[in-house]
Amino acid sequence: MSKIEPRLFDELKKVLVSFGDKYFIGDELNRSKVSDDLRAYDEALLAKLFEIDFIKKNYIKEVAGQKLFQIDQLEEAILYDDYWDTSYTKYENRVGLTSNGKFIEDNQDVVLEFPFKDGVLTASMTKEDNENGYDDAFLNEVIEKDEIDRLFDKKILNHAKRYDVDGEKDTDNFDVEKDNLIIKGNNLIALHTLKKLYSGKVKFIYLDPPYNTGEDSWNYNDSFSHSAWLTFMKNRLEIAKELLTDDGVIIINTDEVEQAYLKVLSDAIFGRENFVGDLIWKKRKGGGNDSRFIALDHDYLAVYTKSIKTVGLGEKWRVSYEDEYLKRYKYSDDKSGLRYYWDTLARDGLKNPIPVSVVAPDGTVVKLNSQSSQATVEKELREGNIKFTHTNNGWKLHHKVFQPTGKVLRSILNIEIEDVPTNKNASDEIKLLFGDATFNTPKPEGLLKKLIELVTNEGDMVLDFFMGSATTQAVAMKMNRRFIGIEQMDYINTVSVPRLQKVIAGEQGGISKDVNWQGGGSFVYAKLMQKNMGYLQDLISAKTIDEMHEIYNRMLSGVEGSQEAADISFKADLNKIEWDPTKVRFDDQKRLLIKLLDKNGLYYNYSEIDDQNVREFLSDRDYQFNQSFYEAGE
């Protein structure tokens, strides 16, 4: 049986090379990727496998005249090649939890599951949604695919304005290669609106989403149920991944409540192999009285890349030298000029080790497990980057560990070590701009400066679709990065946009002095054109039955010259709706009216822009702006 494994792998490699590096890590077969595509019945992969006589002979079984592909047996042979090495037990060299005979690490059946995982959360993002009993609406991604396609179709933009050193003015044009962009509207829908224009163009995404703490933060719902929060994040992270460049990075800021679940969810979306690490931001100098049991003074920043193979982390993830750190680098390399030290070359304990055999000076064959191939180890021996040493226990191998250009970035970001300020500094920054704190927990400009420096170069695109007070966009502008911001709440007009206007005017708060900011820059601001969203927000804000009745009448007939009648999501006998305040509870009535609204009709789709009932609500300037905006992506 020991010969089966190499024969199988040799046969697989012969046909899988036609896919390029899709199924390989260096020269080695990426068994996990092959397993994933086997379980997904990937047509291209199966077509290649069925060309292999060895596969057809050993893994296709004929039953009652029908041929069955024994995919589970083939997957097990691929994942557990150690079994064939020993013919004794596939568990001999591994310790861990298993399910149905498979290690959980390799078992694709073990995933993060939660209610509504297979759906899209269509609810808006105001705290009143939760307080007033709005039932979060979900669309099943299979059963209601048509509805989801319509929900995610690109939307009409209106009230477009350009802001620059000359102030605010209406605009009818947009340059996707040059203009910065701010959008007011639901961020999930806005992201899909931007999909075609910006797919693969965003270098860095920073997210500071609702933390799901159970306590309402200022002006938005920070009190999602656990499963709704996971669905909410899943929907947005999936489209965010599409917008990233191949070497792009996303950093998600959260606290301990959902941090572990966010990690598992993000592993599933971005790939566990693309997890760069967690940064710990010390957001205050001591845990506050609001802590539940432990005085917490930090947030987690989960760092993922779209592809760990192409991400350009490199030197930017290194900071200043420290003599103590560099003492170990005792030797100087003549070729590179770098200093180095000798470290023992590990012979076990590696993930996916490669068996390698090399000959010591006295002719002894030394075997080891390596992450490099036989050829690479032999080459490094010849070039002097690996050497033998003799001990009482026999020959050992050592390899050169070269000095980095600086100290590796430490996982804890704080004002003492990394010069990253706290939430107190952020509140002071907002207070300086607007006279009061306005936000309870804004992020400081210094934190965003550190992150943007790590990931981007001048001219790169930065995206933050939980825009809040526009810290990310303000810092991006001061650092000469392009940016996109998305925010649904009305404070975009009283805080976010005015803050960016102050940045253009040359305000000297935050990082301005550090980067010698003198003002300038520009951005375009536009809104997703509301339809049912306007009625939804009116209903959420209603305080009395009479006020709701007036909104309901507008939902049925529209408002001449400014608002079309609402789309109703399901058939109902509207005449039986009760309006006597002595017979109906206010909260129940609000819930009912919100349920009547079609969540697919929150905004107008771009495909409707020439419809007469839409065109009458859209100015000629906005009509031209939409053509300019979407033609840029054609």
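Residue indices begin at 1 and follow the sequence shown. As the structure is a prediction and not an experimental result, all values here were calculated from the model. Any value given below was found using the heavy atoms of this structure, including those in side chains, with hydrogens, waters and symmetry copies removed.
- Shown here is Glu43, whose CD atom has no more than 12 heavy atoms of other residues, nucleotides or ligands within 6.0 Å.
- By the neighbour-count criterion of 12 heavy atoms within 6.0 Å, atom NZ of Lys195 is sparsely surrounded, having that number or fewer from other residues, nucleotides or ligands.
- When the options Leu463, Ile251, Thr472, Asp460 are evaluated for a side-chain contact (heavy atoms from CB on, under 4.5 Å) with Phe204, the one that passes is Ile251.
- Counting non-hydrogen atoms of other residues, nucleotides and ligands closer than 6.0 Å to NZ of Lys13 gives a total above 12.
- Without hydrogens or angle criteria, Asp21 side chain to Phe24 main chain gives no donor-acceptor distance under 3.5 Å.
- Minimum heavy-atom separation, Leu191 to Phe465: CD2-CD2, 3.7 Å.
- With hydrogens and angles ignored, the 3.5 Å screen pairs a side-chain donor or acceptor of Gln508 with a backbone N or O of Trp517.
- The only option from Asn385, Leu381, Ile386 that meets the side-chain contact (heavy atoms from CB on, under 4.5 Å) definition with Glu383 turns out to be Asn385.
- At a cut-off of 3.5 Å, with distance as the only test, no side-chain donor of Gln259 or Asp299 sits close to an acceptor on the other residue.
- Side-chain contact check for Thr456 and Arg481: at least one donor-acceptor pair (N or O, by modelled atom type) lies under 3.5 Å.
- The distance from the CG atom of Leu49 to the CZ atom of Phe54 is 12.5 Å, given to the nearest 0.5 Å.
- Between Lys306 and Asp247 there is no salt bridge, since none of the side-chain N atoms of the basic residue sits less than 4.0 Å from a carboxylate O of the acidic one.
- Annotation for Phe275: atom CZ counts as buried by contact number, over 12 foreign heavy atoms lying within 6.0 Å.
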Mind running salt bridge (Lys or Arg N to Asp or Glu O under 4.0 Å) on Asp333 and Lys400 for me, showing each step along the way? CA-CA 9 Å; Asp333 183 69; Lys400 289 181 178 179; 3.0 Å; yes
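- Between the side chains of Asp255 and Tyr300, not a single donor N or O lies within less than 3.5 Å of an accepting N or O.
- Put simply, the side chain of Arg499 gets close to the backbone of Ser469: a donor and an acceptor are under 3.5 Å apart.
- Atom CD1 of Ile452 and atom CG of Leu447 lie 9.5 Å apart (nearest 0.5 Å).
- With hydrogens and angles disregarded, no donor-acceptor distance shorter than 3.5 Å links the side chain of Asn253 to the backbone of Leu301.
- Heavy atoms of other residues, nucleotides or ligands lying less than 6.0 angstrom from OH of Tyr331 number 12 at most.
- With values rounded to the nearest 0.5 angstrom, Leu279 atom CG is found 12.5 Å from Trp281 atom CH2.
- Under the 3.5 Å distance criterion, with hydrogens and angles disregarded, a donor-acceptor pair is assigned to the side chains of Asp37 and Tyr23.
- You'll find the side chain of Phe270 reaches within 4.5 Å of the side chain of Ile250, heavy atoms only.
- Salt bridge absent: Lys203 and Glu458 never bring a charged side-chain N and a carboxylate O closer than 4.0 Å.
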side-chain hydrogen bond (donor to acceptor under 3.5 Å, both in side chains) evaluation trace for Asp267 with Tyr304: CA-CA 9 Å; Asp267 280 350; Tyr304 282 83; 2.7 Å; yes
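- A salt bridge links Lys201 to Glu177: at least one charged side-chain nitrogen sits closer than 4.0 Å to a carboxylate oxygen.
- Of the possible donor and acceptor atoms, one in the side chain of Thr471 sits under 3.5 Å from a partner among the backbone N and O of Lys443.
- Put simply, CG on Leu397 and OG1 on Thr344 are 9.5 Å apart, with the number rounded to the nearest 0.5 Å.
- Seen from the ring of Phe232, Arg236 counts as a face-on cation partner, given the 6.0 Å and 45° thresholds.
- In this structure, Lys234 NZ and Ile269 CD1 are separated by 6.5 Å, a value rounded to the nearest 0.5 Å.
- Arg272 and Ser266 are not linked by any side-chain donor-acceptor pair at a separation below 3.5 angstrom, with hydrogens and angles left out of the test.
- Side-chain N or O atoms of Trp395 include none that pairs as donor or acceptor with a backbone N or O of Val365 at under 3.5 Å.
- Ser512 and Lys478 form a side-chain donor-acceptor contact under 3.5 Å, judged by distance and modelled atom types alone.
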